[in-house]
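When a ligand or atom number is given, it counts from 1 through the structure's own listing order. Values below: every heavy atom of this structure, side chains too, minus hydrogens, waters and symmetry copies.
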Amino acid sequence: MTCSKLRLICFSPTRTTKRVLKAIAEGVDAKELTVSDVTRNDGVPDDFDCSKDDLVIIGAPVYSGRLPSVVLDRLATLKGNGVPVVLVVVYGNRAYEDALLELTDLAEGAGFKTVAGAAFIGEHSFSTSATPLSVGRPDFADIDKAKSFGAELASKFSSNGFASDSKLKVPGNKPYKTKSASASVSPISLDNCELCGSCERVCPTGAIAVGAHVVTDGDKCILCCACIKVCTAGFRKMEIPKILKVTQFLADTCKDRKEPEIHY
Ligand SMILES: Cc1cc2nc3c(=O)[nH]c(=O)nc-3n(C[C@H](O)[C@H](O)[C@H](O)COP(=O)(O)O)c2cc1C
């Protein structure tokens with residue numbers, strides 16, 4: 001039996017998670033591919049029932065060693081109905097800590113059969129030219145690994161390799177790492193911003209309103225940096241001292257390249 005219907009479900013403000021998932025899908029090479037991009041709330045399907053899918057792959061970025069809280073909201077209505085699922089987290093070359101375990105638990109709770117997990121590396125959302133962090137990842141080698149992983153999944157699927165009852169084990173601890181309280185801060189737009197509205201359109205939480213000025217609601221901002229990356233003119237900046245300090249620290253201490261990990 002080959003995998004004919006593959007569904008990707010991703011939350012991916014700066015698109016690295018989505019790129020990894022698409023490369024895995026290329027390797028699976030299913031006849032039919034559905035992509036549910038839940039980065040913005042309007043991407044969450046009305047009917048989030050996966051019973052008609054052969055295989056599902058869920059991907060999310062790692063924020064402070066956990067899943068971003070908004071991912072839990074976006075996936076709250078997801079129904080697995082025993083469909084095999086592959087869980088993928090993408091992190092910025094520091095650590096993924098409890099995020100993959102949290103995603104695996106979420107999928108089990110939604111009724112999926114968890115069959116594989118993976119952690120890939122993406123360019124860190126906070127990366128800048130002055131403080132580069134895992135720049136350009138996933139790169140060619142990462143994409144190659146993602147495609148091979150997809151091909152391996154397809155071959156396991158067709159040889160009934162997901163039939164066993166053994167439970168997927170992935171790294172991580174319980175209780176999960178404690179989340180620090182959100183600080184009601186956000187990137188800012190410079191005075192010469194041309195008010196094109198791209199930042200508002202990409203913001204996953206609706207934190208930005210562009211009118212005569214750009215107004216950002218710090219309580220809604222998750223610091224994902226989608227607004228900074230989309231503003232190629234450089235009018236949107238992360239000028240939060242605490243984040244700049246963390247970014248410098250990461251640039252100094254997380255230089256060694258980490259490699260993707262796969263767990264069955
Ligand atoms: C608020 C925040 C917290 C993050 N925390 C971590 C972390 O704990 N470890 C890590 O290696 N990368 C961390 N990152 C980096 C992201 O996991 C990484 O850039 C990922 O590729 C982003 O995925 P996306 O492109 O799909 O949005 C963090 C990024 C943000 C915005």
Side-chain angles (χ1 to χ4, degrees), residues 8-24 35-40 43 57-72 74-75 87-103 118-128 131-139 142-143 146 171-173 176-187 199 202-205 207 218-230 236-238 240 242-261:
L8 306 183
I9 298 171
C10 69
F11 178 85
S12 185
T14 62
R15 320 325 277 157
T16 60
T17 307
K18 194 168 187 176
R19 277 166 55 211
V20 169
L21 256 57
K22 286 205 153 175
I24 299 172
V35 181
S36 302
D37 184 335
V38 301
T39 307
R40 287 178 51 97
I57 306 178
I58 307 178
V62 176
Y63 283 9
S64 306
R66 297 279 306 272
L67 292 181
S69 302
V70 62
V71 170
L72 310 183
R74 295 283 196 272
L75 302 184
L87 294 321
V88 180
V89 293
V90 177
Y91 69 104
N93 202 54
R94 184 189 69 80
Y96 63 92
E97 294 169 295
D98 302 332
L100 185 56
L101 179 62
E102 195 178 2
L103 189 57
F120 278 77
I121 296 86
E123 177 167 323
H124 200 296
S125 324
F126 297 162
S127 180
T128 66
T131 47
L133 302 168
S134 47
V135 175
R137 298 195 67 188
D139 59 13
D142 296 316
I143 294 295
N173 294 300
Y176 309 136
K177 192 180 169 188
T178 308
K179 285 187 180 179
S180 43
S182 54
S184 193
V185 286
S186 69
C199 53
V202 296
C203 178
T205 59
D219 289 337
K220 287 187 181 167
C221 176
I222 57 167
L223 299 174
C224 70
C225 301
C227 56
I228 297 175
K229 307 268 176 196
V230 79
R236 190 88 179 151
K237 298 268 183 222
M238 178 73 82
I240 306 166
K242 190 177 164 200
I243 301 290
L244 296 178
K245 211 171 144 194
V246 168
T247 307
Q248 185 63 62
F249 175 77
L250 294 174
D252 293 340
T253 58
C254 297
K255 288 197 179 87
D256 289 350
R257 181 187 172 92
K258 301 220 162 65
E259 295 297 342
E261 283 175 25

(Q) Can you give me the closest heavy-atom contact between T16 and P138, atom names plus distance? (A) CB-CD, 3.9 Å
Q) Can you list, by chain and residue number, every protein residue with a non-hydrogen atom closer than 4.0 Å to ligand 1? A) S12, P13, T14, R15, T16, T17, P61, V62, Y63, S64, G65, V90, Y91, G92, N93, R94, A95, G122, E123, H124, S125, F126, I222, L223, C224
Q.
Using the ring-ring contact (aromatic ring centres under 6.0 Å, His included) definition, which of the options Y91, F120, Y176 pairs with Y96?
A. Y91
Q: Can you run down the side-chain hydrogen bond (donor to acceptor under 3.5 Å, both in side chains) pairs that involve residues 245-254, sequence neighbours left out, and say none if there aren't any?
A: Q248-D252
Q: Go through the structure and list residues passing side chain to side chain contact (heavy atoms under 4.5 Å, CB included) with S134, not counting sequence neighbours.
A: N93, I121, H124, R137
(Q) For K177, give me all partners under salt bridge (Lys or Arg N to Asp or Glu O under 4.0 Å), at least two apart in sequence or on another chain. (A) E97
Q. Considering only heavy atoms from C-beta outward, does the side chain of F11 approach that of T17 to under 4.5 Å?
A. no
